[in-house]
Undergrad: 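First, the structure itself, so that you have it in front of you.
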Amino acid sequence: MCAAVYVLSTVTGYVLTSALLLKCPTLLHRRKREPFLSRHISHRGGAGENLENTMAAFKHAVDLGTDMLELDCHLTKDEQVVVSHDANLRRATGMNAYISDVAYAELPPYLCKLGVTFQRECFCEGGEDKRIPLLKDVFDAFPNTPVNIDIKVNNDTLIKKVSELVVKYDREHLTVWGNASNQVVKKCYKENPRIPVLFSLPRVLQLLGLFYTGLLPFVPIKEQFLEIPMPSIMTKLKDPNRLTRSQRFITGLADTLLMRKALFEHLTARGIQVCIWVLNDEEDFQRAFDLGATGVMTDFPTKLKDFMDRNSISKPQ
């Protein structure tokens with residue numbers, strides 16, 4: 001009887017303390033200083049409105065007033081840091097070769113028409129700008145715009161060169177970087193701990209485990225930016241009639257586990273921004289903001305801006 005009372009009182013105390021710190025995390029942790037705040041994030045510069053990862057796309061998004069540009073980096077054969085999503089050039093340019101095997105001067109231009117990855121049966125036709133840009137071109141053109149850099153390959157030289165460019169252009173307070181790979185994120189943090197890092201996929205899973213066991217409020221977090229998908233959008237990216245029952249179940253379960261307002265509110269209270277990607281429908285914009293996401297990443301920056309303007313969604317203070 002005494003043992004049962006002891007266990008019950010211990011569990012009750014733990015649950016109550018965890019719940020309190022979940023709501024009031026600054027009782028235990030100092031709030032992180034957010035180097036910048038981002039509501040409106042343009043995926044690959046806005047891949048639904050201009051050819052992805054081009055200077056034209058970035059300029060269009062910045063002119064609209066986007067809070068942050070999201071882009072991807074690779075290293076060429078002559079060790080130039082270029083902005084491009086795929087390691088292989090075939091999808092984007094028609095040339096079946098890896099960026100790492102081609103010198104920058106020999107890179108082909110983008111195709112005139114590219115598919116929009118996160119919008120079913122949607123293509124973007126570009127204008128005159130089809131050049132694969134250098135990362136320094138983006139830094140030169142938009143010195144005051146925050147940039148989210150996805151380090152696409154586990155390459156020490158790439159990580160070092162990106163860090164050097166960030167430092168050269170005095171952008172440590174305007175940059176966040178990382179990758180789904182935990183190994184890449186660790187290398188980024190080791191190379192330059194002054195640049196905020198993203199949660200890797202293993203760290204997202206660990207974050208969920210800590211949240212559902214009640215341990216999250218007690219654990220320090222080094223990352224400053226959580227980027228996660230909204231699993232429910234997967235049902236929009238495929239023909240609904242071709243989704244199996246198990247696929248629907250897994251998608252629904254993942255959505256239920258990941259899209260948690262209490263989790264987002266706890267993280268933002270600790271100074272960690274929460275971005276949900278890649279959302280291209282207004283109902284998804286609304287759901288993300290209703291859940292307490294700090295920002296939304298989209299392929300259609302004009303559509304997101306119009307939605308935010310109509311709903312008086314401004315940059316957080």
Side-chain angles (χ1 to χ4, degrees), residues 34-36 38 41-47 52-55 57-59 61-62 66-89 92 98-107 110 131-203 222-227 273 275 277 295 297:
E34 294 115 322
F36 53 83
S38 302
I41 304 165
S42 299
H43 180 240
R44 304 182 196 173
E52 64 183 55
N53 282 322
T54 59
M55 293 301 292
F58 299 137
K59 184 178 186 304
V62 170
T66 192
D67 296 322
M68 184 163 71
L69 298 171
E70 188 272 347
L71 53 80
D72 314 277
C73 282
H74 285 277
L75 201 65
T76 63
K77 185 177 182 179
D78 52 344
E79 296 191 344
Q80 297 293 308
V81 180
V82 294
V83 178
S84 185
H85 182 270
D86 301 355
N88 190 287
L89 292 160
Y98 287 92
I99 289 177
S100 58
D101 294 330
V102 182
Y104 179 67
E106 298 171 356
L107 288 176
Y110 282 117
R131 182 176 65 92
I132 297 176
L134 294 165
L135 180 61
K136 72 180 186 68
D137 295 338
V138 179
F139 288 174
D140 271 324
F142 314 109
N144 301 313
T145 302
V147 174
N148 177 325
I149 301 175
D150 189 346
I151 303 293
K152 298 305 292 186
V153 291
N154 186 358
N155 183 301
D156 293 353
T157 303
L158 173 61
I159 293 170
K160 182 177 179 59
K161 284 185 171 289
V162 169
S163 176
E164 289 173 347
L165 284 169
V166 170
V167 172
K168 177 181 177 181
Y169 284 87
D170 190 23
R171 294 186 53 93
E172 289 172 313
H173 65 297
L174 289 173
T175 306
V176 58
W177 63 342
N179 184 267
S181 163
N182 201 40
Q183 190 175 10
V184 170
V185 174
K186 285 181 176 180
K187 287 183 178 181
C188 287
Y189 188 76
K190 182 178 180 181
E191 178 66 35
N192 191 336
R194 296 180 300 278
I195 305 175
V197 291
L198 301 161
F199 279 83
S200 64
L201 177 57
R203 284 285 289 160
K222 74 174 184 294
E223 294 90 349
Q224 289 182 258
F225 214 96
L226 175 66
E227 281 184 5
Q273 296 188 60
C275 166
W277 58 265
M297 187 183 297

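The residues of the chain are indexed from 1 along the displayed sequence.
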Undergrad: Any non-hydrogen side-chain atom of L198 less than 4.5 Å from a side-chain atom of N179?
TA: no
Undergrad: Is there a side-chain contact (heavy atoms from CB on, under 4.5 Å) between R203 and V185 once you walk through the steps?
TA: CA-CA 10 Å; R203 284 285 289 160; V185 174; over 6 Å; no
Undergrad: Using the side-chain contact (heavy atoms from CB on, under 4.5 Å) rule, take L89 and I99 through it: C-alpha gap first, then chi angles, then the decisive distance, then the call.
TA: CA-CA 7 Å; L89 292 160; I99 289 177; 3.6 Å; yes
Undergrad: Check K186, K187, K190 against D156 for a salt bridge (Lys or Arg N to Asp or Glu O under 4.0 Å) and give me the one that passes.
TA: K187
Undergrad: Could you tell me which residues satisfy salt bridge (Lys or Arg N to Asp or Glu O under 4.0 Å) with R171, sequence neighbours excluded, listed by chain and number?
TA: none
Undergrad: Heavy-atom distance under 4.5 Å between the side chains of L135 and K161, does that happen here?
TA: no
Undergrad: Does atom OH (Y104) have a neighbourhood of more than 12 heavy atoms from anything else shown, all under 6.0 Å?
TA: yes
Undergrad: Using the rule side chain to side chain contact (heavy atoms under 4.5 Å, CB included), only one of L174, V176, T175 pairs with M68; which is it?
TA: V176
Undergrad: So, do V167 and E172 sit near enough that their side-chain heavy atoms are less than 4.5 Å apart?
TA: yes
Undergrad: What distance separates H74 NE2 from D86 CG, expressed to the nearest 0.5 Å?
TA: 6.5 Å
Undergrad: For E34 and Q224, run side-chain contact (heavy atoms from CB on, under 4.5 Å): C-alpha distance rounded to whole Å, both residues' side-chain angles, the deciding distance at 0.1 Å, then the answer.
TA: CA-CA 8 Å; E34 294 115 322; Q224 289 182 258; 6.0 Å; no
Undergrad: Sequence neighbours excluded, which residues qualify as ring-ring contact (aromatic ring centres under 6.0 Å, His included) partners of Y169?
TA: F139
Undergrad: Minimum heavy-atom separation for I159 to C188, with atom names?
TA: CG2-CA, 4.0 Å
Undergrad: Would you check if F58 and V83 make a side-chain contact, meaning some heavy-atom pair closer than 4.5 Å?
TA: yes
Undergrad: Closer than 3.5 angstrom, by distance alone: can the side chain of E70 be matched with the main-chain N or O of R44 as a donor-acceptor pair?
TA: yes
Undergrad: How long is the straight-line distance from OG of S100 back to CG of L158, given to the nearest 0.5 Å?
TA: 10.5 Å
Undergrad: So, taking the atom named CZ in F199 and the one named NZ in K222, what distance separates them when rounded to the nearest 0.5 Å?
TA: 8.5 Å
Undergrad: Using side-chain heavy atoms (C-beta onward) and a distance below 4.5 Å, is H43 in contact with W277?
TA: no
Undergrad: Just by modelled atom types, is the S38 backbone N or O under 3.5 Å from a matching donor or acceptor in the Q273 side chain?
TA: yes
Undergrad: As an exercise, state the distance from NE2 of H85 to CG of D150, rounded to the nearest 0.5 Å.
TA: 6.5 Å
Undergrad: Mark yes when over 12 heavy atoms from residues, nucleotides or ligands other than K160 sit less than 6.0 Å from its NZ; otherwise mark no.
TA: no
Undergrad: Taking atom types as modelled, find out whether T76 and D78 have a side-chain donor-acceptor pair closer than 3.5 angstrom.
TA: yes
Undergrad: Are any of the side-chain heavy atoms of K77 and L75 separated by less than 4.5 Å?
TA: no
Undergrad: Where do Q80 and L134 land on the side-chain contact (heavy atoms from CB on, under 4.5 Å) test, with the steps shown first?
TA: CA-CA 7 Å; Q80 297 293 308; L134 294 165; 3.8 Å; yes
Undergrad: Just wondering, do R131 and D137 contact through their side chains at under 4.5 Å, heavy atoms?
TA: yes
Undergrad: Can you check whether V138 reaches M55 side chain to side chain, under 4.5 Å on heavy atoms?
TA: yes
Undergrad: Residues in side chain to side chain contact (heavy atoms under 4.5 Å, CB included) with K59, at least two apart?
TA: D63, F142
Undergrad: So, the side chain of H173 versus the backbone of F36: is there a donor-acceptor pair under 3.5 Å, distance only?
TA: no
Undergrad: Testing I149, V153, I151, N53 for side chain to side chain contact (heavy atoms under 4.5 Å, CB included) with D72, which one passes?
TA: N53
Undergrad: Mind listing the closest non-hydrogen atom pair of A180 and S200 along with its distance?
TA: O-CB, 3.4 Å
